[in-house]
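Scope of the values below: all heavy atoms of this structure, side chains included, with no hydrogens, waters or symmetry mates.
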Amino acid sequence: MADTKDTAAPTGGSSGAAQHPKTMRAWTYSAASPSLESCLHLSADAPHPKPQGIPAGSKKDEVLVRVTAATINPIDYKLPEGLGGLGTRAMFGHPAIPGLDYAGVVVASSASNSTGGLAEGTRVFGRLEPCRFGTLGEFVIATRAGCAALPANVDPVDAACVGTAGLTAYQSLAPYVVPGDSVFINGGSGGTGTWGIQMAKALGCKQVVVSCSAGNAELCRSLGADEVIDYATQNVTEVLKAKGPVFKVVVDNVGSSPADLYKAAGTFLVPGGQFVQVGASASLGAAKTLVERMLLPGFLGGGKSKFSLMMAKNDHDALAQIGTWMQEGKVKAVVDEVFSYEDAPKAFQRLKTGRSKGKVVIKHTS
């Protein structure tokens, strides 16, 4: 059951005719060199996604959300830093606001969204597609596909952690497994891996094997991992090969290590099993590995298993399912650290260390 109302007074009307200020508070950037965080500026008068004169929540598939918490992902800095200022200007316009994942409160909604469970005052969570107006702004425009009602007793900080990582983990597993299957997750302690372990169990998998460092082994076990392979002291591929064809799905959240994981997957995936790649670093070696996995045929030394490259897609029903699991205690957010809104640049610094266990959260000022 969703906790459908927030105590804060909404600022819009269900008719879609509500007007809003032309500006809002937001962390913005117009360049991303030498780093995104060094270019972030806390603006008190950033452009509002629905300024005066434009009906808020008027489109059938959109709602206007006041953000209460946001989490950040590598794509939030890799995209602007990789494209450079000209690329982000062409894609988003400037100034742009980073962030995809959020929890918040609907402040304007069309009649169709109101009857569909996203009425004004509804606490919600979800994910945006990359755009100019990200979740480090006071307000965002969310589509119904990327938005779901926040269930009762779920903390908005935890719900903000779902977004990209939660949808990626769900979509890497749900289409391929049935109760009783076994799965291997390469990289179990990151944002996607911690969700994946729990979701595999929620989907009924009997055995979840993961790789991680020794320091993160207990975290992975506490989330439901049945076996942990320490990649620093064990040869992950050889350990898996010794098990024989037992796994229905391999989810590779690392992408570059071990480099032979996909090529060898036929020895530990069941016939018809699926290899899903999620992560990949920006190195030339990782790019080479990805290209080989996608294009090199088996008779030329490539892998022979089914391969897919996972890109998260917004899905209202998937978000609602994850929210239900959270309410039931079947899955939980793993929060590495919560930063105040004013410390958003420090949150990016923490994320970039690569040592975060779970999600890095930025809590908006009330």
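- Taking all atoms of both residues into account, the shortest heavy-atom contact from Val331 to Ala202 is CG1-CB, 4.4 Å.
- The hydrophobic cluster analysis finds Val270 isolated: no Ile, Leu, Val, Met, Phe, Trp or Tyr side chain comes under 4.5 Å of it, directly or through other members.
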Requested in this report: In sequence, state the C-alpha distance, the side-chain angles, and the governing distance for Phe184 and Val246, and then conclude on side-chain contact (heavy atoms from CB on, under 4.5 Å).
Outcome: CA-CA 10 Å; Phe184 170 66; Val246 297; over 6 Å; no

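- Residues Val162 and Trp195 have side chains in contact (heavy-atom distance under 4.5 Å, counting atoms from C-beta outward).
- Scanning for side-chain contact (heavy atoms from CB on, under 4.5 Å) contacts around Asp230 gives Ala214, Ala232, Thr233, Gln234, with sequence neighbours left out.
- Taking the six-membered ring for Trp and thresholds of 30 and 60 degrees, Tyr77 and Phe348 have ring planes more than 60 degrees apart, a perpendicular arrangement.
- Here SG of Cys212 is found 12.0 Å from CG of Asn253. Values are rounded to the nearest 0.5 Å.
- Applying the salt bridge (Lys or Arg N to Asp or Glu O under 4.0 Å) test to pairs two or more places apart or on separate chains, those with a residue in residues 318-329 are Glu328-Lys330.
- For the residue pair Asp260 / Thr237, a side-chain donor-acceptor distance below 3.5 Å is found, with atom types taken as modelled.
- Here the NZ-OG distance, from Lys263 to Ser305, works out to 12.5 Å after rounding to the nearest 0.5 Å.
- In this structure, Val361 belongs to a hydrophobic cluster whose other members, linked by side-chain heavy atoms under 4.5 Å apart, are Val157, Val335, Val338.
- Here the straight-line distance linking atom CZ of Arg221 with atom CD of Glu227 works out to 9.0 Å at 0.5 Å rounding.
- What you find for Asp76 and Leu36 is that their closest heavy atoms are O-CD2, 3.4 Å.
- The aromatic rings of Phe307 and Phe275 sit parallel, their planes meeting at an angle under 30°, below the 60° perpendicular limit.
- How far CE of Met24 is from CZ of Arg66: 13.5 Å, rounded to the nearest 0.5 Å.
- To the nearest 0.5 Å, the span separating CZ on Phe133 from CD1 on Ile141 amounts to 8.5 Å.
- Closest heavy-atom contact between Ala103 and Pro156: CB-O, 3.3 Å.
- The list of salt bridge (Lys or Arg N to Asp or Glu O under 4.0 Å) pairs with a residue in residues 31-41, not counting sequence neighbours, reads Glu37-Lys352.
- At a threshold of 4.5 Å between non-hydrogen side-chain atoms, the residues Gln274 and Pro175 do not count as touching.
- The side-chain heavy atoms of Leu64 and His48, taken from C-beta on, include a pair separated by under 4.5 Å.
- The CD1 atom of Ile197 lies 5.5 Å from the CD1 atom of Ile185; values are rounded to the nearest 0.5 Å.
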Requested in this report: Any chance you could lay out the side-chain contact (heavy atoms from CB on, under 4.5 Å) test for Lys78 and Ile75, step after step, and finish with the verdict?
Outcome: CA-CA 5 Å; Lys78 287 183 177 180; Ile75 191 174; 5.5 Å; no

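- Across all non-hydrogen atoms, the minimal contact from Leu118 to Ala149 is CD2-N, 4.1 Å.
- Using a distance-only test at 3.5 Å, with no hydrogens or angles considered, no donor-acceptor pair links the side chain of Ser211 to the main chain of Ile229.
- In terms of modelled atom types and a separation under 3.5 Å, the side chain of His364 and the main chain of Thr135 share a donor-acceptor contact.
- Gly323 and Pro151 make their closest contact through O-CG, 3.3 Å (heavy atoms, listed as atom of the first residue, atom of the second, distance).
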Query raised in the report: Ile322 and Tyr170: side-chain contact (heavy atoms from CB on, under 4.5 Å), yes or no, with the steps?
Result: CA-CA 8 Å; Ile322 296 168; Tyr170 182 89; 4.2 Å; yes

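- Shown are Leu128, Val63, Asp61; of these, the side chain to side chain contact (heavy atoms under 4.5 Å, CB included) with Cys147 is made only by Val63.
- Within the 4.5 Å cutoff, the side chain of Ser308 has no heavy atoms near those of the Ser172 side chain.
- Residues passing the side-chain contact (heavy atoms from CB on, under 4.5 Å) test with Arg25, sequence neighbours excluded: Leu42, Glu138, Tyr341, Glu342, Thr365.
- The closest side-chain heavy-atom distance from Phe247 to Val209 is below 4.5 Å.
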**Report entry** Stepwise side-chain contact (heavy atoms from CB on, under 4.5 Å) test for Leu167 and Leu319
**Finding:** CA-CA 7 Å; Leu167 283 172; Leu319 287 168; 3.9 Å; yes

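- Looking at heavy atoms from C-beta onward, Arg350 lies in side-chain contact with Phe339 at the 4.5 angstrom threshold.
- Residues meeting the side-chain contact (heavy atoms from CB on, under 4.5 Å) test with Lys206, sequence neighbours left out: Ser182.
- Applying the salt bridge (Lys or Arg N to Asp or Glu O under 4.0 Å) definition to pairs two or more places apart or across chains, none involves residues 98-110.
- Taking Asp158 as the reference, nothing meets the salt bridge (charged side-chain N to carboxylate O under 4.0 Å, His left out) condition, with sequence neighbours excluded.
- In terms of heavy atoms, Arg127 sits closest to Tyr102 at N-CE2, 3.3 Å.
- Under the salt bridge (charged side-chain N to carboxylate O under 4.0 Å, His left out) criterion, Lys248 pairs with Asp181, not counting sequence neighbours.
- Residues passing the salt bridge (charged side-chain N to carboxylate O under 4.0 Å, His left out) test with Glu238 are Lys241, sequence neighbours excluded.
- The pair Asp226-Lys201 meets the salt-bridge criterion, since a charged nitrogen lies less than 4.0 angstrom from a carboxylate oxygen.
- Judged as a side-chain contact (heavy atoms from CB on, under 4.5 Å), and not counting sequence neighbours, the contacts of Ser213 are Asn216, Tyr231.
- Using a 4.5 Å heavy-atom threshold, the side chains of Phe268 and Lys243 count as separate.
- At a threshold of 4.5 Å between non-hydrogen side-chain atoms, the residues Asn186 and Pro258 count as touching.
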